[in-house]
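These figures come from a predicted structure and were not determined experimentally.
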Amino acid sequence: SLKGTAAWFAAKHREETTHALKMYRYVLDQGATVQLAKVAAPPPETQGVLDMFERTLTHEREVTAAINDIVDHAVAGKDHATSVFLQWFVTEQIEEEATVNEILGRLRLFGDKGQGLLLIDNELATLANQMGQAEAAGPSKAG
């Protein structure tokens, strides 16, 4: 029943799908074959909103580590095009982790129950709306 939180996660899902497709298109443009692997489903239940965002931060850190690993391979292989391409994702991950850290800070400060949670849920609704507007404005704004 937290519509703002749900909207934020839905907007992030759309954004992450766009990022995945950007990588997919790059690999195809380089003449390579793409093999998609199964993505594990998130747990069906959590311990609340704070737990959800702690798991989200853990996931973002894993994504950052994976991107950094790919950058390391590109640099070691003197694949300058891929290294340059991936710099956008490196910068994006800085933003992703900072955003989730900020939300976690608010959850820890205001709490993830009662009025504090409603305040944060309203903020997340606003953020989701902003992401939707950026997405509608085009790829240069939405990432």
Side-chain angles (χ1 to χ4, degrees), residues 1-30 32 34-77 79-143:
S1 57
L2 297 170
K3 292 181 180 180
T5 304
W8 187 87
F9 276 106
K12 294 308 286 181
H13 176 267
R14 287 188 302 275
E15 181 181 83
E16 296 304 332
T17 299
T18 300
H19 296 170
L21 289 173
K22 185 182 281 194
M23 284 188 176
Y24 181 86
R25 284 190 301 267
Y26 177 80
V27 171
L28 289 178
D29 289 346
Q30 297 303 308
V34 175
Q35 291 183 321
L36 300 176
K38 184 177 181 179
V39 176
E45 295 183 25
T46 65
Q47 300 301 314
V49 175
L50 180 63
D51 181 54
M52 288 170 45
F53 279 97
E54 286 172 342
R55 289 174 188 235
T56 299
L57 181 59
T58 297
H59 177 73
E60 289 297 348
R61 288 178 174 159
E62 290 169 357
V63 170
T64 298
I67 291 170
N68 288 340
D69 188 48
I70 297 168
V71 171
D72 289 345
H73 280 76
V75 169
D79 183 351
H80 303 293
T82 300
S83 181
V84 168
F85 171 76
L86 290 170
Q87 290 310 305
W88 183 90
F89 292 95
V90 170
T91 303
E92 178 68 11
Q93 280 308 116
I94 293 168
E95 179 183 317
E96 296 288 346
E97 286 189 34
T99 298
V100 177
N101 263 320
E102 184 178 321
I103 294 166
L104 275 169
R106 281 182 163 69
L107 283 166
R108 290 180 181 127
L109 180 64
F110 299 124
D112 66 344
K113 303 213 180 333
Q115 290 178 325
L117 183 55
L118 288 177
L119 173 71
I120 293 164
D121 190 60
N122 286 334
E123 287 184 16
L124 291 173
T126 299
L127 289 172
N129 187 39
Q130 290 170 353
M131 286 187 280
Q133 289 174 358
E135 184 180 347
S140 63
K141 300 268 194 264

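- The shortest distance between side-chain heavy atoms of Val63 and Glu92 does not fall below 4.5 Å.
- Contact annotation: the side chain of His19 never approaches that of Met23 to less than 4.5 Å [non-hydrogen atoms, C-beta and beyond].
- Side-chain atoms of Leu124 and Phe9, non-hydrogen and from C-beta on, never get closer than 4.5 Å to each other.
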For the pair Gln115 and Phe110, evaluate side chain to side chain contact (heavy atoms under 4.5 Å, CB included) and give the outcome as yes or no after the intermediate values.
CA-CA 8 Å; Gln115 290 178 325; Phe110 299 124; over 6 Å; no

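- For the residue pair Glu97 and Thr64, the shortest heavy atom distance occurs at OE2-OG1, 2.6 Å.
- The side-chain heavy atoms of His73 and Asp79, taken from C-beta on, include no pair separated by under 4.5 Å.
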Thr126/Gln130 under side chain to side chain contact (heavy atoms under 4.5 Å, CB included): CA gap, chis, key distance, verdict
CA-CA 6 Å; Thr126 299; Gln130 290 170 353; 3.8 Å; yes

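- At a threshold of 4.5 Å between non-hydrogen side-chain atoms, the residues Arg108 and Glu54 count as touching.
- Taking CD1 of Ile94 as the start and OG1 of Thr99 as the end, the distance is 11.5 Å to the nearest 0.5 Å.
- Not counting sequence neighbours, Gln47 has no partner by the side-chain hydrogen bond (donor to acceptor under 3.5 Å, both in side chains) test.
- Across Ser83 and Ala74, no two heavy atoms sit closer than the pair N-CB, 4.0 Å.
- Not counting sequence neighbours, Glu60 has no partner by the salt bridge (charged side-chain N to carboxylate O under 4.0 Å, His left out) test.
- Within the 4.5 Å cutoff, no side-chain heavy atoms of Phe89 are placed close to those of Glu96.
- Separation of atoms CG (Leu86) and OG1 (Thr91) is listed at 11.0 Å; rounding is to 0.5 Å.
- Each of Ile120, Thr5, Leu2, Leu107 was scored for a side-chain contact (heavy atoms from CB on, under 4.5 Å) with Asp112, with one residue passing: Leu107.
- Not counting sequence neighbours, the partners of Asp51 by the salt bridge (charged side-chain N to carboxylate O under 4.0 Å, His left out) test are Arg55.
- Between Trp8 and Phe53, the ring-plane angle classifies as tilted under the 30° and 60° cut-offs.
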